[in-house]
Amino acid sequence: MRAVQISSIDQSTRINYGAGLLRFTQYCDSLGIGECDRMPASDILLAGFVAASAGRVASAQQWVSGLRLWHDVNGAPWLGDQALKRALAGVKKLAPSSSHRPPRPPVTFEHMRALLKGLDLLNTKDAAIWATAAVAFWSICRLGELLVTSQQDFRPEKHVTRCAPLAYARARNGVECGTLHIPWTKTTASEGADIAITDLADPTSPLYAIRYHLAVNARVPLEAPLFAFEQGDSWQTLTKSMFLQRCNEVWKAQGLHTLEGGHSFRIGGTTEWLLRGTPPDVVQKQGRWLSSAFLLYWRKVQTVLPFFISQAFNASEALRLDRIMDDFERNV
């Protein structure tokens with residue numbers, strides 16, 4: 001039972017949860033609080049633990065989520081209530097300025113065109129990188145839904161493989177599209193999700209990119225990760241670090257800003273679709289958000305809009321888009 005509950009949490013999230021549990025134990029030890037009073041932890045104890053971090057961290061929510069999971073797997077009631085909520089809100093308001101990161105620079109359409117120009121698509125690795133980038137950007141994916149951190153972390157029940165269902169169809173307007181089923185997402189866990197990959201009248205089309213990758217890397221076995229590539233007589237897994245390193249090499253050579261994390265593809269794809277006049281509810285569907293989550297995400301997108309204000313998209317277009325999103329929010 002415990003193992004099943006814990007396995008529902010992503011590995012990286014478990015690490016963050018574990019850090020919260022460790023800090024809670026240290027806090028209780030420092031105050032001499034006995035084991036019997038730590039679980040179930042009272043609302044006041046939880047609030048005191050959170051308040052003790054005020055002025056030192058940006059948020060204590062991950063720690064509290066870890067403590068709640070710890071209670072759940074041990075069958076203990078969760079007593080966190082109003083005192084805890086107020087303490088969490090206070091910690092956010094008192095967060096040190098050093099804890100606030102500047103907005104992550106997004107991948108822009110210019111980045112995508114530069115990547116297509118700079119990669120060698122006759123190279124099997126570059127073909128896999130291009131397909132990953134095109135799908136991540138235009139299908140608004142989290143990079144972790146497409147790639148693994150390392151070969152050792154690959155798990156077929158969680159990571160998309162070459163044998164994943166990829167169905168092709170045509171919309172009423174004649175545009176071809178594909179639906180790729182992935183076995184796991186951050187929000188749906190093992191239910192997975194369907195990713196829409198639509199053909200575009202543009203060289204950066206994600207449908208063409210993934211078809212090309214599957215063709216030039218045809219000898220990769222079906223049980224391998226979807227974006228694995230041929231290497232000599234064998235094959236290799238494309239990892240997140242390999243992917244980002246190669247993308248940054250191309251962008252740096254062409255004078256564009258480089259990236260630290262893959263979430264910039266999701267931010268950039270969302271913004272590009274919206275700036276092209278795509279209705280917000282369609283973008284919401286493409287990104288597979290619940291409505292409230294999408295609106296929160298849009299507020300993050302607003303912080304990177306200056307990166308997109310160019311000859312193609314001027315400031316008045318951004319203001320028009322802002323009004324559209326305001327109307328959308330009022331009608332949700």
Side-chain angles (χ1 to χ4, degrees), residues 1-105 142-145 149 184-189 240 260-264 266-267 289-304:
M1 179 72 170
R2 288 186 181 184
V4 172
Q5 287 179 297
I6 293 173
S7 67
S8 68
I9 307 298
D10 190 72
Q11 179 62 33
S12 60
T13 304
R14 275 185 250 170
I15 293 173
N16 291 331
Y17 283 8
L21 182 56
L22 174 61
R23 285 177 170 81
F24 180 71
T25 300
Q26 292 170 338
Y27 173 77
C28 290
D29 286 345
S30 69
L31 297 178
I33 296 172
E35 292 290 338
C36 62
D37 293 321
R38 301 183 188 190
M39 189 172 66
S42 70
D43 187 32
I44 295 301
L45 175 58
L46 292 168
F49 164 62
V50 168
S53 66
R56 296 187 291 113
V57 299
S59 172
Q61 185 59 61
Q62 285 267 33
W63 298 351
V64 172
S65 297
L67 288 174
R68 183 157 194 168
L69 176 65
W70 180 52
H71 278 64
D72 289 344
V73 298
N74 285 283
W78 179 250
L79 304 179
D81 201 1
Q82 294 304 312
L84 175 59
K85 289 179 181 179
R86 287 192 291 269
L88 285 168
V91 167
K92 274 192 174 183
K93 289 185 177 181
L94 296 173
S97 57
S98 59
S99 68
H100 297 293
R101 295 181 180 180
R104 294 177 182 176
R142 301 177 182 89
L143 203 55
E145 295 172 341
T149 304
W184 181 280
T185 76
K186 185 176 181 180
T187 54
T188 65
K240 290 182 189 178
E260 295 181 5
H263 203 66
S264 295
R266 189 163 164 86
I267 296 171
W289 284 288
L290 298 174
S291 58
S292 58
F294 175 67
L295 292 170
L296 289 172
Y297 194 86
W298 165 246
R299 296 186 185 104
K300 295 181 182 179
V301 167
Q302 288 177 307
T303 66
V304 299

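Computed from a prediction, not measured in an experiment: that's the story for all the values here.
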For Gly144 against Lys240, the heavy-atom pair lying closest together: CA-CE, 3.5 Å

I'd like to check the side chain to side chain donor-acceptor pair (under 3.5 Å) partners of Thr188; sequence neighbours left out, ordered by chain and number. Thr185

Minimum side-chain heavy-atom gap Leu67-Trp78 below 4.5 Å: yes

Which pairs count as salt bridge (Lys or Arg N to Asp or Glu O under 4.0 Å) when at least one residue sits in residues 19-31, sequence neighbours excluded? Asp29-Arg38

Determine the minimum heavy-atom distance between Pro40 and Pro77, stating which atoms define it. CB-O, 3.3 Å

Beyond-backbone contact of Leu46 with Trp63, side-chain heavy atoms, under 4.5 angstrom: no

Greater than 12 external heavy atoms within 6.0 Å of Gln61's CD: yes

Side chain to side chain contact (heavy atoms under 4.5 Å, CB included) with Leu84: which of Leu79, Asp43, Leu45? Asp43

Carefully, step by step, assess Tyr27 and Val50 under the rule side-chain contact (heavy atoms from CB on, under 4.5 Å). CA-CA 10 Å; Tyr27 173 77; Val50 168; over 6 Å; no

Find the distance between OG (Ser42) and CG (Asp81) and round it off to the nearest 0.5 Å. 11.5 Å

Give, for atom CD1 of Ile44 and atom CZ of Phe49, the distance between the pair rounded to the nearest 0.5 Å. 15.5 Å

Minimal heavy-atom distance between Ala60 and Val91, with the atoms involved, is N-CG1, 4.2 Å

Min side-chain heavy-atom separation Phe24-Ile33 under 4.5 Å: no

Which pair of heavy atoms, one from His71 and one from Ala41, lies closest together, and at what distance? NE2-N, 3.0 Å

